[in-house]
Amino acid sequence: MTKPQIWVAAFLLLFIVLFMIGRLTKEEEVLKDLSGMNNSSMGEQTTSELTGDKLIQTFGCINCHGADLAGTNMGPALKGIKEFWSSRDNLINYLRNPNSFMDKDRFKEYRSKYPNQIMPAFSNKDVKDLGKIADYLLTQ
Ligand code: HEC
């Protein structure tokens, strides 16, 4: 290589190194931004990474429906409910507003079986989370 060629090569190398350093630090900033955004938009709790069965624990469903979803004296079992609910949307609607299903025979029966408990409305929860719960319950 001639002297000018060596200079050109040296400059090129320098630019490549600077470019890579620039990219690395930028990526870090983007990652920081993303995690900050998640925390503020999710309120005090981050639920977006939780699976359906974890959400069922987090939202306290197991307090009434049992850790294994086999039911307790405070709420019915949540196994095999896909026969009744069949559709995911139906089930999400129920979780958001259980009262609107009360006129069905199934729930009249539950009312006499669990007279001191009612299924709370979970309309304050993210619909995406309720969707994950519905998907999970429809496989049980
Ligand atoms: C305070 C107790 C309680 C909690 C907490 C609770 N449930 Fe319920 N749930 C009930 C009761 C009682 C019923 C029976 C219907 C009624 O009496 O309102 C019921 C009914 C249901 C049904 C209908 C069952 C069927 O056979 O069709 C589903 C589905 C359900 N609950 C899911 C959930 C999920 C998911 C959560 C958590 C996000 C939850 N429940 C939290 C008490 C509870």
Side-chain angles (χ1 to χ4, degrees):
M1 280 209 274
T2 64
K3 248 190 169 168
Q5 276 175 330
I6 291 172
W7 275 109
V8 169
F11 269 113
L12 265 179
L13 202 72
L14 187 70
F15 272 117
I16 290 170
V17 169
L18 284 177
F19 177 73
M20 301 233 291
I21 291 174
R23 270 189 63 140
L24 284 179
T25 49
K26 226 188 229 149
E27 252 162 50
E28 258 169 23
E29 272 163 29
V30 170
L31 284 178
K32 255 190 238 152
D33 277 359
L34 280 180
S35 57
M37 229 160 57
N38 258 342
N39 286 340
S40 54
S41 62
M42 298 305 294
E44 75 283 0
Q45 224 172 17
T46 303
T47 54
S48 57
E49 295 107 50
L50 297 181
T51 55
D53 61 331
K54 274 269 173 287
L55 286 167
I56 286 174
Q57 294 169 23
T58 309
F59 290 169
C61 317
I62 57 173
N63 293 337
C64 297
H65 293 288
D68 48 4
L69 301 184
T72 70
N73 57 3
M74 292 165 70
L78 295 182
K79 301 223 174 243
I81 63 165
K82 64 170 168 290
E83 326 268 303
F84 178 76
W85 292 102
S86 60
S87 111
R88 175 181 200 265
D89 285 351
N90 246 353
L91 189 48
I92 293 175
N93 283 339
Y94 175 73
L95 297 176
R96 289 174 60 80
N97 187 10
N99 264 332
S100 61
F101 291 78
M102 277 303 174
D103 55 338
K104 303 235 186 318
D105 287 346
R106 185 183 184 88
F107 292 98
K108 287 185 189 138
E109 208 173 290
Y110 283 148
R111 289 288 67 241
S112 53
K113 229 170 153 185
Y114 309 98
N116 302 318
Q117 297 296 334
I118 55 157
M119 169 68 189
F122 288 90
S123 49
N124 62 333
K125 301 295 183 198
D126 190 330
V127 181
K128 279 194 213 119
D129 289 340
L130 297 180
K132 279 193 263 180
I133 290 178
D135 285 338
Y136 178 75
L137 289 179
L138 292 174
T139 64
Q140 296 302 296

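We count ligands from 1, going down the list as the structure has it; atoms in each ligand are counted the same way.
With a 4.5 Å cut-off between side-chain heavy atoms of Ile, Leu, Val, Met, Phe, Trp and Tyr, the cluster of Ile16 takes in Met20.
In the hydrophobic clustering of this structure, Ile118 does not group with Leu78; members are Ile, Leu, Val, Met, Phe, Trp, Tyr whose side-chain heavy atoms approach within less than 4.5 Å, directly or through other members. Residues Met74 and Phe107 are members of separate hydrophobic clusters, defined by side-chain heavy-atom contacts under 4.5 angstrom among Ile, Leu, Val, Met, Phe, Trp and Tyr.
Evaluation of the side chain to side chain donor-acceptor pair (under 3.5 Å) test over residues 67-96, restricted to residues two or more places apart or in two chains, returns Arg88-Asp135.
Side chain of Lys108 to backbone of Asp103: a donor-acceptor contact under 3.5 angstrom is found.
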Could you list each N/O atom of ligand 1 together with any protein N/O atom closer than 3.5 Å, one pair per line with the distance?
residue	atom	partner	partner atom	Å
ligand 1	7 (N)	His65	NE2	2.8
ligand 1	9 (N)	His65	NE2	2.9
ligand 1	17 (O)	Arg111	NE	3.3
ligand 1	17 (O)	Arg111	NH2	2.8
ligand 1	18 (O)	Met119	N	3.0
ligand 1	26 (O)	Arg106	NE	3.3
ligand 1	26 (O)	Arg106	NH2	2.8
ligand 1	26 (O)	Tyr110	OH	2.4
ligand 1	27 (O)	Trp85	NE1	2.8
ligand 1	27 (O)	Arg106	NE	2.8
ligand 1	27 (O)	Arg106	NH2	3.2
ligand 1	31 (N)	His65	NE2	2.8
ligand 1	40 (N)	His65	NE2	2.8

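Here Thr2 pairs with Gln5 under the side chain to side chain donor-acceptor pair (under 3.5 Å) rule; sequence neighbours left out.
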